[in-house]
There are 2 protein chains.
Amino acid sequence: MAVSGRGPRERMVFSAAQLIRRDGVAATGMREVAAHARAPRGSLQHYFPGGKEQLVNEAVDWAGRYAAKRVARFLAALPEPTPGALFAEMVRQWTDEYETTGFGGGCPVAAATVDCAESAASTREAASAAFTHWTGAVARALSGMGVPEERAGPLATLMISSLEGAILVARAEQDVRALTTVSRELGPLLDAAVDRTG
Amino acid sequence: MAVSGRGPRERMVFSAAQLIRRDGVAATGMREVAAHARAPRGSLQHYFPGGKEQLVNEAVDWAGRYAAKRVARFLAALPEPTPGALFAEMVRQWTDEYETTGFGGGCPVAAATVDCAESAASTREAASAAFTHWTGAVARALSGMGVPEERAGPLATLMISSLEGAILVARAEQDVRALTTVSRELGPLLDAAVDRTG
DNA sequence: CCGCTACTATGACAGCGGTCATAGAGGGTG
DNA sequence: CACCCTCTATGACCGCTGTCATAGTAGCGG
């Protein structure tokens with residue numbers, strides 16, 4: 001996994017997200033992040049004077065924006081966009097990863113929530129913001145598919161909650177079963193929400 | 001939170017589950033567990049010669065059995081048992097806790113999965129077993145309500161995945177919104193799965 | 001060359017973590 | 001009393017972690 005984003009700073013944030021999603025926040029050391037990013041250790045205190053908390057927060061923030069961008073990209077790639085198809089695509093990103101590279105990682109936002117929700121207020125807020133970003137992107141996508149405004153938000157929350165939970169279960173079981181199940185079970189419900197009166 | 005289960009051993013397992021669900025596995029120390037359980041520190045190596053990993057595994061196992069028992073209890077308490085009502089009750093356990101005692105804790109099994117899935121194989125297996133126990137209890141409950149056999153398993157997985165994810169989101173946002181949303185959105189879908197041909 | 005800024009390089013420190021070693025109580029049984 | 005088994009009590013060890021302090025290098029404008 002040769003990390004080669006542009007600047008050292010970006011690489012460290014990216015590496016932090018990668019390591020966090022694999023081992024959790026507490027088990028991820030700063031020296032480890034720097035090494036993984038092939039960045040000098042001395043740069044840590046230069047780019048992240050706020051210490052580990054700042055680095056973690058930026059990693060979570062990055063993950064939230066990344067997830068939101070993915071939604072838009074999925075949307076553009078779908079030949080016939082429906083809510084169920086979007087959800088299937090979101091799920092497929094995870095089944096693909098798990099089937100090819102193994103069950104090594106989960107969602108970094110989930111990891112940050114589990115590890116820091118009670119101990120670090122700013123990180124909890126970062127996770128909240130990440131979920132909000134992500135949910136907003138999904139809700140907008142649903143609206144664009146004809147889902148009524150007042151239904152888009154709740155359904156987006158349902159999609160993300162189910163996905164996050166299924167990721168957890170799949171990782172524990174080392175089996176994508178939970179992921180494929182939620183996709184199959186939720187698909188019809190989601191598709192039924194599009195307004196066909198137009 | 002005066003812990004007063006029967007033996008010191010049981011108390012330590014229980015305390016471990018409590019602390020893990022709040023701070024995560026890595027951030028929970030053994031000395032801390034003993035102190036929280038009002039158990040002598042020297043008992044740690046006596047009751048858990050397998051070290052922290054054993055203690056964590058037992059805590060996860062305990063949580064899985066507890067969750068399964070709760071399902072049976074919810075079932076017995078429901079006046080008119082339907083899948084949607086059971087799910088609403090499972091969700092309500094969490095909204096109640098969050099509204100009364102705050103967003104201090106999540107699911108210990110989720111925490112163990114996030115923190116140990118990659119680093120400790122035995123803990124990952126314990127988490128998998130916990131989910132299996134829990135899912136089995138829910139599936140049996142659904143079957144008892146008239147849900148066809150082949151639908152009970154997938155729906156149970158959907159319920160638990162959605163619940164776990166909603167717990168995560170709710171904790172990050174410090175708002176039970178995600179929990180109430182998944183309950184409301186999934187209720188009709190679940191109730192529609194009961195076989196009414198009898 | 002000076003001075004300034006951005007970045008890097010190390011080493012040290014203090015704290016905490018899990019684990020081990022060793023020894024001590026308590027209470028039954030022979 | 002001697003013996004043993006269960007449980008408890010400490011203290012020490014070692015490794016790791018986040019953070020700080022200090023010093024060094026690179027490049028650039030003047």
ring-ring contact (aromatic ring centres under 6.0 Å, His included) contacts in which one or both residues fall within [range], not counting sequence neighbours:
range                       : answer
residues 82-104 of chain A  : A:W94-A:Y98, A:Y98-A:F103
residues 136-189 of chain B : none
residues 123-152 of chain A : none

| query | Of the residues in residues 113-126 of chain B, which ones touch DNA chain D at a heavy-atom distance under 4.0 Å? | reply |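 Nucleic-acid contacts, sorted: none.
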
| Contact list for DNA chain D against residues 20-28 of chain A - heavy-atom distance below 4.0 Å |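 Heavy-atom cutoff 4.0 Å gives A:T28.
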
| request: Could you identify which residues of residues 39-51 of chain B place a heavy atom less than 4.0 Å from some atom of DNA chain C, listed by residue number, or say none? | output: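 Contacting residues: B:R41, B:Q45, B:G51.
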
Length of the [atom1]-[atom2] vector between [X] and [N], whole Å:
X     : N      : atom1 : atom2 : result
A:L19 : D:dT17 : CG    : P     : 12 Å
A:K52 : C:dG15 : NZ    : P     : 19 Å
B:M30 : C:dC20 : CE    : P     : 12 Å
A:R31 : D:dG15 : CZ    : P     : 15 Å
B:R11 : D:dC7  : CZ    : C1'   : 13 Å
B:Q54 : C:dG18 : CD    : P     : 15 Å

| request: Name all pairs fulfilling the salt bridge (charged side-chain N to carboxylate O under 4.0 Å, His left out) condition that reach into residues 134-158 of chain A, sequence neighbours left out, sorted by first residue then second. | output: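 Checked against salt bridge (charged side-chain N to carboxylate O under 4.0 Å, His left out) - neighbours excluded - the pairs reaching residues 134-158 of chain A are A:R151-B:E185.
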
| Sequence neighbours excluded, every pair satisfying salt bridge (charged side-chain N to carboxylate O under 4.0 Å, His left out) that has a member inside residues 95-122 of chain A |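 Found A:R21-A:E97, A:R92-A:D96.
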
| said: Quick check: closest heavy atoms across A:S15 and A:V33, and the distance to 0.1 Å? | reply: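 A:S15 and A:V33 have their closest heavy atoms at CB-O, 4.0 Å.
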
Spacing of [X] atom [atom1] and [Y] atom [atom2] [to the nearest 0.5 Å]:
X      : Y      : atom1 : atom2 : value
A:S128 : B:Q174 : OG    : CD    : 8.5 Å
A:E89  : A:L86  : CD    : CG    : 8.0 Å
B:L190 : B:M159 : CG    : CE    : 5.5 Å

| With B:D191, which residues qualify under side chain to side chain donor-acceptor pair (under 3.5 Å), at least two apart? |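 Once residues adjacent in sequence are excluded, the partners of B:D191 under the side chain to side chain donor-acceptor pair (under 3.5 Å) criterion are B:T82.
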
| A:S161: what forms a side chain to side chain donor-acceptor pair (under 3.5 Å) with it, not counting sequence neighbours? |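 Counting only residues at least two positions away or on another chain, A:S161 forms no side chain to side chain donor-acceptor pair (under 3.5 Å).
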
| field | Pairs meeting criterion side-chain hydrogen bond (donor to acceptor under 3.5 Å, both in side chains) with involvement of residues 48-64 of chain B, two or more places apart | value |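 Sorted result for residues 48-64 of chain B: B:R9-B:E58, B:E53-B:S122, B:Q54-B:E58, B:N57-B:S122, B:N57-B:T123, B:D61-B:R65.
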
| task | Can you pull out how bent the helix from C:dC1-D:dG30 to C:dG30-D:dC1 is, comparing the axes over its first five and last five pairs, to 10°? | result |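 Taking the rotation axis at each end, their angle is 20°.
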
| Non-hydrogen side-chain atoms of B:V13 and B:Y47 separated by less than 4.5 Å |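 Contact flag for B:V13/B:Y47 side chains = no.
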
